[in-house]
Trainee: 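My questions all concern the structure below.
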Amino acid sequence: MTETKKRAAAWGEALRKAYPEARCSLHFETPFQLLVATILSAQCTDEKVNQVTPALFKRCTTPASLAAMAQEDLERMIHATGFFRNKAKALIGAAGMIARDFEGEVPRGMDELLRLPGVARKTANVVLGNAYGRAEGVVVDTHVGRLARRMGLTKENDPAKVEADLMRLFPKEEWVVLAHRLIAHGRAVCRAKSPSCGTCSLAHLCPKVGVPERAGSRS
DNA sequence: ATCCCGAGGG
DNA sequence: CCCTCTGGAT
């Protein structure tokens with residue numbers, strides 16, 4: 001086992017103890033609902049998403065019914081989540097494509113999911129891992145990327161490269177829960193701006209504790 | 001690299 | 001006023 005892989009295993013174990021219950025915090029009951037909620041979650045808190053989705057899911061029970069909505073009406077319903085024009089257009093486009101090309105069912109594979117407007121690897125990984133239980137990759141959002149770098153598990157900045165490193169370092173069965181734990185830790189402790197390194201229960205593993213954010217990062 | 005975009009915190 | 005929040009498309 002490589003040195004980095006050993007450190008990854010140590011992080012995985014520590015995260016499991018610190019966040020045993022970590023899971024998806026978006027509210028959903030079907031794969032389609034999770035897809036919608038995940039598209040809405042871009043640059044927005046999951047809590048805010050959970051405030052707008054109940055009314056939306058009540059009005060649109062199928063992809064076809066969402067695709068048939070007037071974009072203006074949809075924009076009003078999701079306004080609070082930000083980026084509402086882009087998101088409304090993506091949702092209507094994705095719902096229409098699912099209705100027409102996939103017989104009304106959210107596709108179960110990465111390649112198909114990536115054809116949907118507003119869906120890239122992050123969103124596809126969320127749906128595959130959390131709705132279908134068939135992860136093809138690791139969810140890399142702003143939290144996962146930041147923590148993987150701080151933890152010394154990658155030096156990449158490109159989310160796709162971070163994902164490749166994490167896939168190499170962790171067994172497939174841990175990919176879904178790993179992302180949830182990193183996100184939980186990233187929100188509560190290892191925040192972007194002022195991480196609570198002083199009270200962090202994982203600090204003993206961390207190469208960045210006490211190291212100023214930018215010092216020596218460029219050579 | 002830049003744009004889309006609201007809401008809440010410091 | 002600044003920044004950040006489970007991104008994606010151009």
Side-chain angles (χ1 to χ4, degrees), chain A residues 15 19 21-28 31 33-53 55-56 71-72 74-98 106-107 110-132 135-151 153-154 156-163 166 170 174-196 213-214:
Chain A
L15 284 163
Y19 304 94
E21 306 287 311
R23 59 178 191 83
C24 185
S25 50
L26 293 169
H27 296 168
F28 70 98
Q33 288 184 352
L34 180 58
L35 176 68
V36 170
T38 307
I39 289 174
L40 289 175
S41 74
Q43 300 300 106
C44 170
T45 61
D46 50 340
E47 187 185 350
K48 185 69 68 179
V49 173
N50 290 335
Q51 287 170 15
V52 310
T53 46
L56 187 57
Q71 187 172 326
E72 263 187 25
L74 181 54
E75 287 176 3
R76 267 190 287 279
M77 297 187 76
I78 66 173
H79 184 273
T81 66
F83 294 170
F84 58 88
R85 288 192 193 85
N86 282 353
K87 289 176 181 176
K89 188 190 282 187
L91 287 173
I92 289 174
M97 197 177 293
I98 291 168
V106 177
M110 177 65 73
D111 294 340
E112 291 78 14
L113 281 167
L114 292 180
R115 284 183 219 147
L116 303 173
V119 177
R121 286 196 67 90
K122 186 262 173 178
T123 299
N125 278 326
V126 168
V127 171
L128 288 171
N130 295 280
Y132 288 138
E136 292 189 32
V138 180
V139 170
V140 177
D141 58 29
T142 169
H143 290 305
V144 174
R146 180 180 73 251
L147 268 65
R149 281 187 291 278
R150 284 180 179 171
M151 292 172 165
L153 300 178
T154 185
E156 302 292 348
N157 224 326
D158 174 13
K161 295 181 180 173
V162 175
E163 184 183 354
L166 293 177
F170 292 89
E174 293 179 16
W175 289 351
V176 172
V177 71
L178 170 71
H180 288 142
R181 286 171 181 155
L182 288 174
I183 289 163
H185 188 56
R187 286 207 300 218
V189 180
C190 197
R191 295 178 296 271
K193 198 58 183 288
S194 51
S196 302
E213 187 74 15
R214 298 170 158 294

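The sequence lines fix the lettering, A, B, ..., with proteins before strands; numbering per chain opens at 1.
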Trainee: Using atom NZ of A:K89 as one end and atom C1' of C:dG7 as the other, report the distance to the nearest whole Å.
Mentor: 16 Å
Trainee: For the side chain of A:R150 and the backbone of A:C190, is there at least one donor-acceptor N/O pair under 3.5 Å apart?
Mentor: yes
Trainee: For the side chain of A:K87 and the backbone of A:T81, is there at least one donor-acceptor N/O pair under 3.5 Å apart?
Mentor: yes
Trainee: Which pair of heavy atoms, one from A:R181 and one from A:A22, lies closest together, and at what distance?
Mentor: CG-CB, 3.6 Å
Trainee: Figure out the CZ/C1' separation between A:R146 and C:dT4, and round it to whole Å.
Mentor: 9 Å
Trainee: Check whether any side-chain heavy atom of A:L40 lies under 4.5 Å from a side-chain heavy atom of A:L91, and answer yes or no.
Mentor: yes
Trainee: Whole angstroms only, please: what is the NZ-P distance between A:K193 and C:dT4?
Mentor: 6 Å
Trainee: Sequence neighbours left out, what passes side-chain contact (heavy atoms from CB on, under 4.5 Å) with A:L178? Give chain and number order.
Mentor: A:L15, A:F170, A:L182
Trainee: Decide yes or no for A:L56 and A:L74: does some side-chain heavy atom of the first lie under 4.5 Å from some side-chain heavy atom of the second?
Mentor: yes
Trainee: Can you name the atoms? Protein N/O to nucleotides 8-10 of chain C N/O, anything below 3.5 Å, with the distance.
Mentor:
residue : atom : partner : partner atom : Å
C:dG8   : OP1  : A:A120  : N            : 3.3
C:dG8   : OP1  : A:T123  : N            : 3.0
C:dG8   : OP1  : A:T123  : OG1          : 2.4
C:dA9   : OP1  : A:G118  : N            : 2.9

Trainee: Do any N or O atoms of the protein come closer than 3.5 Å to N or O atoms of nucleotides 6-10 of chain B, and which pairs are they?
Mentor:
residue : atom : partner : partner atom : Å
B:dG6   : N2   : A:Q43   : O            : 3.3

Trainee: What is the distance, to the nearest angstrom, from the CZ atom on A:R191 to the P atom on C:dT6?
Mentor: 13 Å
Trainee: Using atom P in both nucleotides, what's the gap between C:dT6 and B:dT2 to the nearest angstrom?
Mentor: 25 Å
Trainee: With respect to the phosphate group of C:dC5, does any side-chain polar atom (N or O) of A:T142 fall under 4.0 Å of OP1 or OP2?
Mentor: yes
Trainee: So, is A:R85 close to the B:dC5 phosphate, meaning a side-chain N or O under 4.0 Å from OP1 or OP2?
Mentor: yes
Trainee: Just verifying a value: how many Å separate A:E21 CD and A:H180 NE2, rounded to the nearest 0.5 Å?
Mentor: 13.0 Å
Trainee: Quick check: closest heavy atoms across A:P107 and A:Y132, and the distance to 0.1 Å?
Mentor: O-CE1, 3.4 Å
Trainee: Distance alone, cut at 3.5 Å: any donor-acceptor contact between the side chains of A:H79 and A:R76?
Mentor: no
Trainee: With a non-hydrogen cut-off below 4.0 angstrom, is A:R187 in contact with a base, only sugar-phosphate, or nothing?
Mentor: base
